[in-house]
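Notes for the one structure printed next.
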Amino acid sequence: MGFKTDFLWGGATAANQIEGAFDRDGRGLTTMDTLTVGDKDRPRQITFKTLEGEVKHAERLAAVPEGAVGHIAPDVFYPSHTGINFYDHYKEDIKLFAEMGFKAYRMSIAWTRIFPNGNETEPNEAGLAFYDAVFDECLKYGIEPVVTLCHFDTPLYLADHYDGWSSRDVIGFFTHYCETVFKRYKDKVKYWMTFNEINVLRSWLQIGIHQNDDQTKFQALHHVFLASAKAVQLCHQIIPDAMIGNMVMYAPSYAMTAKPEDVLENIAYKRQVEFYLDIQVKGYYPAYKLKEFERKGVQIAMEERDLDCLASGTVDFIGFSYYMSTMSTTDTSVPKTPGNNVLSYKNPNLEVSEWGWTLDPLGLRIALSEMYDRYHVPLFIVENGLGAIDTLEADGTVTDDYRIDYLHTHIKAMKDAVDLDGVDLMGYTPWGCIDLVAWSTGEMKKRYGFIYVDVDDRGQRSFKRYKKKSFDWYQAVIASNGETIT
Ligand code: BG6
């Protein structure tokens with residue numbers, strides 16, 4: 001009973017949310033570098049270039065900022081440019097992870113540190129050397145790096161010059177990048193994932209496409225699926241003892257009532273994530289999606305061997321993020337609440353976080369059972385956590401009991417999934433183990449970490465690190481292999 005002895009306890013981050021140093025040592029720009037800071041009432045904005053070359057701020061900003069050059073406007077704060085400056089602090093940060101007893105550290109490689117435009121033939125040695133140093137530092141403490149190949153950060157050059165993933169050429173650029181890092185790090189990294197939250201990739205920001213219609217989006221996604229399948233095949237060839245997974249945002253959905261209409265609506269909702277899992281785990285386009293394409297007039301241009309490629313590029317495990325559950329109903333008058341990349345109907349039975357995300361620990365057990373029963377491959381919870389406002393006291397302490405409560409109830413749910421439902425669970429890497437820039441709002445004040453980083457929403461302050469109360473708590477959880485969780 002209990003978690004496996006080699007259970008991968010750890011924490012998770014992403015390059016664009018921690019590294020900073022956005023223009024150092026030859027790194028190229030990514031779409032994420034054009035995202036301004038927002039907050040929960042004021043969405044982030046994007047400075048982007050249309051295919052005609054005009055610079056625009058997307059969505060709610062009417063005017064093009066004066067003096068905008070390329071994608072970056074003057075006097076605008078872009079949080080990815082500074083992050084928490086992991087680039088200069090990685091040794092100190094990994095030492096703290098080791099002190100907590102981490103067995104694994106999930107992070108991502110920034111494609112543009114290795115290939116600044118995304119499509120060069122020769123890699124940037126300084127970028128490769130940086131990740132060598134990070135991996136060496138992890139391995140020094142017995143921490144397994146778990147590496148996401150692309151965490152939302154599409155090279156800006158590919159967005160501008162190729163219309164991002166709508167171009168089939170990008171598959172070749174991505175697989176060249178994968179082959180380069182697999183060969184370079186084959187003795188250091190044994191756990192990989194292809195695209196972060198592949199089921200939320202839908203816009204210029206994440207995949208560099210300039211139109212958001214279904215035809216463009218699903219054609220681009222077809223290319224992403226092929227790139228992922230090819231990466232899986234390459235990884236198996238180059239690092240035979242590695243495991244490579246996909247990564248989805250999984251929010252289990254409940255029918256609001258027992259009305260068959262709500263149940264049917266719920267099936268449709270669930271298919272929105274199952275589509276991605278069916279392709280990446282089972283290796284084929286599911287019938288319900290092909291019918292949807294027919295209805296919508298979406299025609300995916302495929303080459304002869306594309307379907308074989310998908311079938312032979314299935315993943316070894318499912319990595320997923322879990323923050324919340326959602327609810328389905330045909331009654332559109334039901335109030336909504338924000339969530340992780342979704343605006344969902346508000347479940348009257350559950351509380352929400354300060355950012356409106358539904359709190360549902362049991363939903364994690366449901367998620368694990370749903371996926372394991374349907375796909376029969378090992379599961380890895382690579383994101384979970386509570387974004388909350390923390391207070392750094394004058395004596396350097398942070399009392400984050402709310403975070404401990406959140407994580408404790410979620411770990412209990414995953415323990416039940418293992419002990420009572422027989423789920424094969426590989427590991428648990430809570431999100432933002434060290435405070436980082438929030439993806440949805442760009443804020444620093446939405447904090448997830450066991451480690452407080454003294455940076456504000458404008459990228460100012462000392463960048464000093466402090467252990468929160470949850471730091472010691474998580475250390476005890478790991479030391480007991482999940483037996484001590486209260
Ligand atoms: C996931 C992403 O969507 O949720 C992370 O993979 C993100 O990049 C996380 O940070 C939490 O979302 P947020 O908006 O609170 O940072």
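We're numbering straight along the sequence, starting at 1.
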Exercise. Taking atom NZ of K190 as the centre, does the number of heavy atoms from other residues, nucleotides or ligands within less than 6.0 Å exceed 12?
Worked result: yes
Exercise. Between the main-chain N or O of T31 and the side-chain N or O of T34, is there a donor-acceptor pair closer than 3.5 Å?
Worked result: yes
Problem set entry | Proximity of H176 and F115 rings by center, below 6.0 Å | yes
For this session: Verify side-chain contact (heavy atoms from CB on, under 4.5 Å) between L359 and Y406, making sure each step is shown before the conclusion.
Result: CA-CA 8 Å; L359 302 170; Y406 176 100; 3.8 Å; yes
For this session: Answer yes if the ring centres of Y185 and F135 are under 6.0 angstrom apart, and no otherwise.
Result: yes
Problem set entry | Any donor-acceptor pair under 3.5 Å from Y177 side chain to L149 backbone | yes
Exercise. How long is the span from the CZ atom in F152 to the OG atom in S203, to the nearest 0.5 Å?
Worked result: 9.5 Å
Problem set entry | Residues which pass ring-ring contact (aromatic ring centres under 6.0 Å, His included) with H408, listed by chain and number, not counting sequence neighbours | none
Exercise. Does a side-chain N-to-carboxylate-O contact under 4.0 Å join R24 and D88?
Worked result: yes
Problem set entry | Between OG1 on residue T314 and CD on residue Q233, distance to nearest 0.5 Å | 9.0 Å
Exercise. Is the backbone N or O of A15 less than 3.5 Å from a side-chain atom of S108, with the two atoms forming a donor-acceptor pair by type?
Worked result: yes
Enumerate, atom names and distances included, each donor-acceptor pair closer than 3.5 Å involving a side-chain atom of residues 92-101, sequence neighbours excluded.
residue	atom	partner	partner atom	Å
E92	OE1	H89	ND1	3.0
D93	OD1	R465	NE	2.8
D93	OD2	R465	NH2	2.9
E99	OE2	K467	NZ	2.7

Problem set entry | Smallest separation among heavy atoms of N124 and D25, with atom names | ND2-O, 2.9 Å
Problem set entry | For H81, side chain to side chain contact (heavy atoms under 4.5 Å, CB included) partners two or more places apart | F22, D33, I72, Y78
Problem set entry | Neighbour count >12 (heavy atoms, 6.0 Å) for atom NZ, K186 | no
Exercise. With a cut-off of under 6.0 Å to the ring centre and 45° to the axis, is R447 in cation-pi contact with Y452?
Worked result: yes
For this session: Mind checking the CE-CG spacing from M426 to D316? Nearest 0.5 Å is all I need.
Result: 8.5 Å
For this session: Could you go through the side-chain contact (heavy atoms from CB on, under 4.5 Å) check for E122 and E120 one step at a time?
Result: CA-CA 6 Å; E122 292 305 316; E120 293 88 342; 5.7 Å; no
Problem set entry | cation_pi(K4, W9) dist<6.0 Å, angle<=45 | no
Exercise. Would you find more than 12 non-hydrogen atoms of other residues, nucleotides or ligands less than 6.0 Å from K230 atom NZ?
Worked result: no
Exercise. What pair of heavy atoms forms the shortest contact from F3 to I411, and how long is it?
Worked result: CZ-O, 4.3 Å
Problem set entry | Polar side chain donor-acceptor pair, Q272 to N199, under 3.5 angstrom | no
Problem set entry | Set of residues satisfying ring-ring contact (aromatic ring centres under 6.0 Å, His included) with respect to H151, sequence neighbours excluded | W431
For this session: Please list, chain by chain and in numerical order, all residues satisfying ring-ring contact (aromatic ring centres under 6.0 Å, His included) with W165, sequence neighbours excluded.
Result: F174, F195
For this session: Could you tell me whether the side chains of D454 and S462 share a donor-acceptor contact shorter than 3.5 Å?
Result: yes
Problem set entry | Pairing of K140 and E137 as salt bridge, 4.0 angstrom limit | yes
Exercise. Using 4.0 Å as the upper bound for N to carboxylate O, is an ion pair formed by R44 and D39?
Worked result: no
Exercise. Between N246 (side chain) and Q280 (backbone), is there a donor-acceptor pair under 3.5 Å?
Worked result: no
For this session: Write down the atom of Y322, the atom of A367, and the distance for their closest heavy-atom approach.
Result: CD1-CB, 4.3 Å
For this session: Apply ring-ring contact (aromatic ring centres under 6.0 Å, His included) to F173 and list each qualifying residue two or more places apart in sequence or on a separate chain.
Result: Y162
Exercise. Has the side chain of S228 got a donor or acceptor atom that lies under 3.5 Å from a matching backbone atom of V224?
Worked result: no
For this session: State whether a side-chain donor-acceptor pair under 3.5 Å links T13 with R106.
Result: no
For this session: For the pair R403 (side chain) and Y448 (backbone), establish whether a donor and an acceptor sit closer than 3.5 Å, ignoring hydrogens and angles.
Result: yes
Problem set entry | Residue that, paired with P155, satisfies side-chain contact (heavy atoms from CB on, under 4.5 Å) out of V170, T112, N119 | T112
Problem set entry | Between OG1 on residue T175 and CD1 on residue I171, distance to nearest 0.5 Å | 8.0 Å
Exercise. Is the backbone N or O of S166 less than 3.5 Å from a side-chain atom of D163, with the two atoms forming a donor-acceptor pair by type?
Worked result: no
Problem set entry | Centroid separation F102 to Y141 less than 6.0 Å | no
